[in-house]
Structures are given as C-alpha cells and as structure tokens.
Number of protein chains: 4
Amino acid sequence: MHDMIEAGIIGGAGYTGLELLRLLLMHPQVRISVVTSRRYKGKRVSDVNPHLERFTELEYEDIDTREIADRSDVVFLAVPHGSAMDYVPELLNAGARVIDLSADYRLDRREYERIYKRRHKDTEHRNAVYGLTELHPEVADAALVANPGCYPTGAILAVAPIVRSGMAKRVVFDAKSGISGAGADPSEKSHFPNLAENIIPYELTAHRHVAEMRKELPQVKVCFTPHVIPSIRGILTTAHIFLAEGEERMTEQEIEELYRQFYDGKRFIRLRKGKDIPSLGAVRGTNFCDIGFEVEEDSDRIVIISAIDNLVKGGSGQAIQNMNVMFGLDEWQGLWHPGLVP
Amino acid sequence: MHDMIEAGIIGGAGYTGLELLRLLLMHPQVRISVVTSRRYKGKRVSDVNPHLERFTELEYEDIDTREIADRSDVVFLAVPHGSAMDYVPELLNAGARVIDLSADYRLDRREYERIYKRRHKDTEHRNAVYGLTELHPEVADAALVANPGCYPTGAILAVAPIVRSGMAKRVVFDAKSGISGAGADPSEKSHFPNLAENIIPYELTAHRHVAEMRKELPQVKVCFTPHVIPSIRGILTTAHIFLAEGEERMTEQEIEELYRQFYDGKRFIRLRKGKDIPSLGAVRGTNFCDIGFEVEEDSDRIVIISAIDNLVKGGSGQAIQNMNVMFGLDEWQGLWHPGLVP
Amino acid sequence: MHDMIEAGIIGGAGYTGLELLRLLLMHPQVRISVVTSRRYKGKRVSDVNPHLERFTELEYEDIDTREIADRSDVVFLAVPHGSAMDYVPELLNAGARVIDLSADYRLDRREYERIYKRRHKDTEHRNAVYGLTELHPEVADAALVANPGCYPTGAILAVAPIVRSGMAKRVVFDAKSGISGAGADPSEKSHFPNLAENIIPYELTAHRHVAEMRKELPQVKVCFTPHVIPSIRGILTTAHIFLAEGEERMTEQEIEELYRQFYDGKRFIRLRKGKDIPSLGAVRGTNFCDIGFEVEEDSDRIVIISAIDNLVKGGSGQAIQNMNVMFGLDEWQGLWHPGLVP
Amino acid sequence: MHDMIEAGIIGGAGYTGLELLRLLLMHPQVRISVVTSRRYKGKRVSDVNPHLERFTELEYEDIDTREIADRSDVVFLAVPHGSAMDYVPELLNAGARVIDLSADYRLDRREYERIYKRRHKDTEHRNAVYGLTELHPEVADAALVANPGCYPTGAILAVAPIVRSGMAKRVVFDAKSGISGAGADPSEKSHFPNLAENIIPYELTAHRHVAEMRKELPQVKVCFTPHVIPSIRGILTTAHIFLAEGEERMTEQEIEELYRQFYDGKRFIRLRKGKDIPSLGAVRGTNFCDIGFEVEEDSDRIVIISAIDNLVKGGSGQAIQNMNVMFGLDEWQGLWHPGLVP
C-alpha cells in the first residue's frame, strides 16, 4: 500500500479548485496538505462551500510558496493564466512536483508570448509535459505537467487516431461548452437572461486554445470555433474531418476499430458503437471522454463527436489522472464513478 | 386600402399552426377563414390554447378541402411531410393560392422521392416557388409556394452573398436549434432530463434539409450537421466558409459591404457590425435574420453566424412574409415588432 | 384621433427601460421624446440593444430634468429605488405627468422610510396613486402614479376578489419569479451555474414588497416568500388562502363566478375554468394576468395561482396601461398581443 | 468484514432503478444479483444506459419472482404503484428482505385504497416500516421497508423537530421538484417547451403524498402544493409553519439548536447556520437533506427550507441507506460523496 500523497492546491476557491477539492477529498490515496485562497483566508472551506460540509475541516490559507512546497508531494496550480509562472520555479526548486492547470506551460515560450500577449517570467525555460494523459505517458516521470485546456482535451482526443494515421487534411472543431468553463465570477456571458434560451459563439476564429490543438495535431489544418451553451457543465465537440486527397473512405466500423486499437487500455475513453452519439449526461461529473462517429456518404467528410465534463476530464479530473500516473497509482484511482444520469 | 385576405390554416394545432395563428390574428390585413384540426374538431381554439384567449372565437374544424378553398384566398398547409400533397392539387384547382410549410414541394420530384423515401402523389408535377423570400422575388406571382425548412433558411441566408459571388468552395454548416423545431408532441429528444444540461447532435451527416441547401447553393460543396440545444426557440447557424483556391481574403468590412449590397432593401436581414455576434434573444419571436462575420487570420476560412427564430423566419413568419408579397402588401406587414429581450 | 403622446424615459438601459422601449416604440399613440442613460450617453439605442435595430434612431441622452419635462407629456421613471424621488418634484412642477416604476411613492412616507431604510427627500409629501390599474381607476386623473412592484401585482390580483369579500383571514403568498426581476447587471444570483438546476428562495420572511401587499389587502394577515426560478421572465404566485372562522367553503365554480364579476370588463385578467392552471408561457411578453383556482376538500384552504410576465404586467406593461388610462386611451392600446407560446 | 450483500433490483430501467444501479455498483459491500426489465430483457445494462459502460457486465433479465428471491439477500422494488404488491408476498415468503420504493406499503390499507383508488392485493396485511431512516430506527429489524415518497422526505425532515415539539398548529408545504420525479417516459409535463421558462403547479390541494406527511406529522394541520421546476433533479421544500396559539416565538439560533439536538448523529442532515439558505446544487447527486430557517418578525410564522436530491435522499439513496441499516452497515456506506457543484 502506498503512503498517502500530500497534495497542495493553490487557488482553491474557483471552479477548478473546488473540483480538485470535491475529487481529492474522496481520493483514497491523497491527503490535502494545504488549500489557499486570498479572498477566503482563515475561513473554513465548508463554510464557503456548503456542499463540502462534513467532508473536510480544512481552512483556506494564504501562505508562502516555499511552505506550500514543503508540506506537499505535489501541488496543483488552479490560478489564472499569467499567475502560475509566479509559483512554478519555487515549487520545483523546493522539490515538489507540479500540475499546472493554467496555460502558462502548455506552449513553447515564443508561442505562449505571442498568444497570451504577456512575457513569460520563468527565466529557466522549464519544460513541462503536456498532460493529455492518454497521449503522453511521459507524464509518469514529469516534475512539471501542463494540464491541457478544456477545449483541446475534447478536440484532440476526438480526432487523434485519424489525424495521426495521416488520412486527414483538415479538421474543423465546432465546440459547445457549458458556462462553468468561464469561471465562478458573474459576467455578461454567465448572466442567466443572456445565456438561457440562447447559445453564444465567441472568438469565432481566434480562440487561444487552438494553439494547443495545432501543436498536438501537426498533421492537419485545424480550425476552431467555440460556443457557450445554456448548461453548467460539459463540452460537446463536433469535429468535421476532411480526408486527404486520394484517401479512401472508411466505414464507421473501420473507424471504430482504428479507435479501439489506438485507445486500447485507456479506461477513460469510451467508444460508442455504430451511429450511437455521445451525450453530456453520460459523462457528467466524470473523467470519461465518450466518442462517436459517422461517415458522410459520397463525401470526404467524417463527423466525430466527443463528450467530456469540462471541469473533470477537461480540467481537475485529468489533473488528478496525471497525478495518479506520476505517483504510480492506477490512473483511475479516485476518479471511477458513473455519470450523473439523469 | 386592401380588402382583408381570407386565410385558411390546415393543421392548426401543431407549433407551426399555432405560430400562424399567433401572427395572423394580429395581422391588420388578414381574416382567418378556417383553421382545421382533426384532434380538436369542434373545440374553441382558445380553450385548447389559453394564450389565444381573448384573441379569437374560432373553433377548430375538420372539413372538406374544397370548402376550405372556397372560403379562402390563401391556404397555409401546416401538416407533416407527405400529407401536404394530399391537399395541394385540390386547393389549387379550386383557385386558392397555397403556401406549403411542409417539405413536399421544396425539391424536384426525383430528389424528393429519394430523400423522403416516399412516392410523390401529385401526378401533375406542379412547380412551386421556393419561398426564401429575400432570394425569390418570384413568389409574388406564385400560385404555390414551398416554404423553406428552418435550417435551410438560416444557413442559406448566412452565406448566399459570398457563395453566389463565386469566392467559396466549401461550406460547413454547424447548426444549433431550439427544440420547438421537433414539434409539439413529447419525444425522447424533447424529454426535459434528456435535453437540459446537454446538446444533442443528430443525423450528423445526412439530415434531409441539406438537399435544400445544395439546391440553393450549387456553387459550393455543402456539409451540414444539426444539433438541438436546451432552448425552446431559435436557430443559430455557424457557417464555416472555405475560400476557393486563389481567392483573396476579404476583411470583415468588405464582407459587411458585400452583404449590405446583396441584402439592400431587405428589411428582415440585419447585419452586425465589425465583429459583433448575433444572438437568439434579439430575434426571439420575430421574422429577422441577424448576421455577423469574422475572417480568420492567415487562413482560408470565414465564419458567418446567423440567428433566426425557427418558428418565425424559419417557418410561419416567412410563410406570412410570402403571403404579403403574393398579395401585394409590404412584406413586413403583421411581422414588425422587436425581439423579446431579455 | 388623439395627438401623439410625447413620452420620456429616464433610465432607458435597464430591463425596465428596455421593456418600455420595446412596447412604446410599437404603441400607435406614442412618440418617445427622450430616453436617458448616463452610461450610454450619445450612443444609438439600437447599437447598445441590437433587438431594437430598425425600430428607432433614438440616441441615449443625459440631460436636465427640466428639459425632459418640457419635451414630454408623460415621463416614465425607470431608475432604482431612492433615485426616483430626485426627479419627481421637478417633473411635476414643470407640468409633466409621471409614472414612477420605482418603489419611492408606493407607500406612505413613514412606512417607506422604515422599510427602505432611507429618508424620503420629497418635502412636499406628494401623493401618488397606486397604479394597480384594475383596482385603482383613479389613475385616470393622477399626476403621479406609483407603479406597483412585480410581486405585489401578481399577488394582489390573485386574491383581491376573495379577500375584499371578507371571507379570508390569512394568505400565504409563495411566489416564483424569473431572474430578469433582478435586473440587467450580473450577480451571484443571476450567475448561470448558481441558478440553473436550482430554485433560489430569498428574503424568506421580510421581502420589502410585502408592505404593498398588506396595504392593498388590509382585511387579512399576509405572509410572503419569494423564490427565483431558472427562467428569464414570469412570476407564478401560489396563494394559499385560509378562510375566516365560520366561512362556508365555496366551489371552484362559485369562486370563478365571484372573480368574473369582480374583474368584469378588465381585459387583462383572464380566468381559467374549472381546475385549469395558469402557465407562464401563456402570458410571456404580455400584460395579462391569468388566474386559476382549486378548493381543498374538507379544509379551510383555497389555492389560487396567478401568472404574469414580471417585466410587462409586473412592470413596464402596467406602466403603459396606466399611461393609456391617464390619457383617455383604451387601456390595452399598444399592449394587445398573444403570449409567445411555445 | 461483511460478506457482500446480494441485492436484486426489480424494475431496473426507470429513473429509480437506474439510480439504484448508479449507487449500488459503487457500493463496497454490495453485489447486484439480478436486475430485471421486461422491455430490455436480454440486453446489456450498459448498452441501454451508456453512462454505466465499464461499470457492469450485467444484463437485464425477466425471471420468476421466486428466483429473484433465491438469488438475493435484499430486493429493491422499483416498479409503479400497484405493481409492487404483486411481488412483496412471494419475496418475503422466500426469505428475502424487501425495500419497496413504490407507495404500496406506505399507508395503512384503508387509507391506501382510498387514496390510490385501487384494492390492496396483499391479503396478509403485512406491515412495513416507513423508511424515513432518520425517524424510524426500527428499519434495522424490518423484513419489509416502505421507502418514503420524494415529497414527504423533504417535507417531513424539514419540520419534524418543531412539529414533534408540539409548538406548531399548521404547516403549508409549498414544494418545487425537478422533473425527473415524473419518470423516464416523455410526457406533456416533461416536454421541454412546456417546462422551460415555466414552473408547473399541479394537484394543487390533493397530491397523494400528503397522506404520508399527515401520518408522520399528526400534531399539525398539513397542507401541500407541489410544483415542477425546469430542473432535472432536486426538491426544494418551502415549509411555512404557524405556531400554536400562545407559543412563544423562537430565534433562529434556538431553532437551530432544537434541530441540532433532534438530528444529533444523523450524518445526512446538514443544518445551515443563521439565515443561510439551502441550495439544490449542494445536494445534487447526494443523500443529504440540507435545512435552513428564518423566523418572521412580529408574526406566528417560521419558514423552513429543505433541499434534497429527489432521486437520492428522495428515493434510491434513502433505500440504500435503509439497506445499510438493515444489514448492520454504517448508514452512509456507498452514499458518501459531496454534491456536484457547480
């Protein structure tokens, strides 16, 4: 039996932090060593978040990065883009392993600075492993994992087997996300009368997450348009894949077989059979990525649908999956339960 | 001043029929001559539909087609695909003009039979005018108008100016519809626990409406994938347009100008400026089609967003717009009011 | 034929102001003389609110109260509680009639100061008529109308016939409101993830609106608990009425008859028959108040359900209804259209 | 360590059955011995319910009641009212313990026949223990447990401490339920366009569940009105409590203390402090009942709010809680996880 992993959470009051708490508090191999929040410093976590009442006596703290590292085997960074790089060097230097849920270490430095329009402060040019767990087994040995964006997770997993086979030339990702991806702070977009009875497309051609997709899918032209739907959780990605010139059309059964081999042994990838279509309900609250297929007749298009929970597989769940792999646990530990249906 | 137009409605208890009633009862130039329903024969329309209480004393009838024609200058067919063609010949022969909201006369005969998988019963091969009002001024003289499908309305209007200019080679329509498009009868898809907190893609590559889009947009390859969103009304269409080889990229301003000229004088088409994005709220309950643009940098893609109310511009409102044109009224008569915001 | 009424709107960017715009722009007897907004001064109303594009060329202004009065026959105050009383005296002195949609003149001075916890600044102790149009025909001659709160409108209309008959001793109003009642600014309560899949009770025993209810229903003990539901518009009020000792139970038919007489000639009150229950859909976007009844067997309880649109009959629509009465128009002018169903 | 409990589920395809599956499949002390469904006989449970893929290889069966009993230590009946009594006698005679989630054994025979308008077929007049676990510790020894209705669970737990203290004379329960309580089959009420942007009151004075409330709360007059809200899960109960003549008003702190003592050691009852109000989110997917209080000033009214998940504490979760108690496990086994927030 393993010793308990001591896990710290920096930024424990946003949705990402809350989801880490919800999952880690039930993880049989983890003890939360510290959870920070400037706003709620000194308050009981369960007073601020009544759904955690009876699950923890933790209080939010606001302490020195060094002390966080000292208390922790692994530290989750659930802070905004641009803030994570303030913590990473010191945490690593103090010997903690780090899982960064922000965008700060997902791209190479130049690309990051171009897209996020800020200088990268980490002068030692640390390398992170991109934590799309199914595609990057090297997270096992990583000191620093850059946890993927929510949209890239659903998008890349949806098409990797086809794209990496070299058959495709272009993918158009038309993604639909629950509003929790926009965070816990009220905004115009999250204002109920604006979102209910609506669907809000935004950053139609230039969402920052497209850079992660392109990095992981260099074989194809990638286009991406995100939308917010009137739902709390979930990302449904509609991937329109166009075959390269001269490629033969496959049947749904052949595609299913290709995917089955590609994702063999990956417990969080579930393939729908025939023309069955994934649903956000089946993955609600879980770390699964459900994938379905349809091939257009007399056409060069294949449509792939993937469904994930943006806060779990698209965020905190995948971070924990990475932690499991980093610490030699089964990847599904603390993450294994069915979706909340209905 | 015009005489009142005597308008009959066949199939007045479904959502399409109800929407015709809601709008025609307030139309200053129309008197409803008859409204039929087998299920509700003999019942007061306002007893079945409490929102119409105080607006009409009409009763649902179930009478002979010939009598409907005799009482009416124009007859709206709000019946399922496959049923409309049972009425059209007799109505036309009796001298009524007909606006068919079903799919029965939208395609040429062979295409219809292939796609709708039924024989067309109209032995005289009548021709209908496709009632996308902005693109088919010839509805003015039509005896029979085939009112467009809801998805084709939002899709075709979104891209016609670019596609007809010859600049594009392919369009991927990724459409998101409110559930009212599926009708008034409860179903698995409309069951609240299935649709809430979800978005349901369906007929991923082979929805029947794609045939209308291809007929109206012969210049490009057309792909189409529809989704149902947890909203009552509205269709938001995300059109991913790919430029033909060698075409120069336009700016958003140039596209806006192209559209402004193309839709000059069309009061129901509203163009958003710059990168402003249309919203379903702004068209809720109305006959407008709002359109916005974004050009992807360093790419051959343009994204166009259109927003319509599926039951109004995508159905009964456009039918009335066609009626207005057929009878020499201003096209906006009885259809001119702002969207229900919030 | 009347001359056009020149109507000014102070505070034209919140939901109340927007709803006044939506309705007054279509009113056949009204011209909007001025609409103010500090935030949007100088901007076209339709640039800020795309659903009004094509309906107005007005710009938001920020001008002197005196000038507003000079330009207007009537001024609508759509500003927060506590601000309206800054405008009322000058508007009245300059000869404009005023319809105040805030709470500032709904209660007598002492009650107002106790409940709203601020001093009333109007030193002349002006009297307003309480603008619950169906119960206060004296609005016809009023210079100043205090438009009722949204909750009191649905609550008082639901029970007035029974309460004023003296049969009841107590009413418990359990009200459920769409979130638009909380305004256009994002807040914790209006944050989609907080409200979706939830219902939020608040101010369980001490909502300020109860004072209006008690003033209009002095014959009974009034209790009130409001909730916000995951809907944009509408207030459904469940009124639990308890009969006074010794009162005989009535049948639903007798109650319906009592209501029919009480509301005779009131076009915006619609009574449901037998045990039919009102629905928010049937009143969506309209000025109607639909009312239904059920009598509990072997009990002293009657349950009355009323449904209104909080922004129309519960706000801007009733304000226009009052304007119509004040200026000798039919009370339904500019307000007569069926609910948006579905 | 206990042996695994062999648990059978009769009626495993409705929402109640699905929720039993979702929870029991993760229960560390339970093995599901059989799950029946006539409709899906022979199909893999996870083919019918994709969210259970990877969690079970079970197939739906349709077998003899006797065989179900032989294979099981305990049998859950998740069948409609009127059907459960067809199974209970044989199951008990064969030695299985039974937890009936229908209404068939909740009331005494005469009351049952009056309210459910059918004859009770169980000729041996078996007695069940009413399975409101916190109030009926005698479930520990029961052969037959009648699991409470969803509404009575939220209502009775909300007021039991006050009502049983003798202080109150009347309670008005105004309850708001997610639509999943109406089951997995599409209906008018669950049709998205009917429920979205609405709240549907029904059976205003005569819902059958009131009989359970009255049986458990004989000290007071009980009134009950249910509503369906546009949410999937959850019941929020607003309990308006009226004190008996001469009773002294308590403060919120005193009430909280009364509740704290009454529910001492009950892990699934969580009390909110001061005027904090429970939320459906905090109990989503869980077996908790969260309770909050507010005392009206200068009045005889206390308002108590309770929040439960109708399918868990209001159904299958409480059934499992009862099973735990019946088999000597900790009552929270297999039911201990935080709510899905956001």
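Values below: every heavy atom of this structure, side chains too, minus hydrogens, waters and symmetry copies. Below, chain A is the first sequence line, B the second, and so on; all start at residue 1.
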Residue pair B/His191 / D/Ser190: nearest heavy atoms and the distance that separates them | ND1-OG, 2.7 Å
Highest number of heavy-atom pairs under 4.5 Å with chain D: which of B/Ser231, B/Gly178, B/Ala182, B/Ser180?
-> B/Ser231
Roughly how far, to the nearest 0.5 Å, is the CZ atom of D/Phe192 from the CG atom of B/Leu195?
-> 5.0 Å
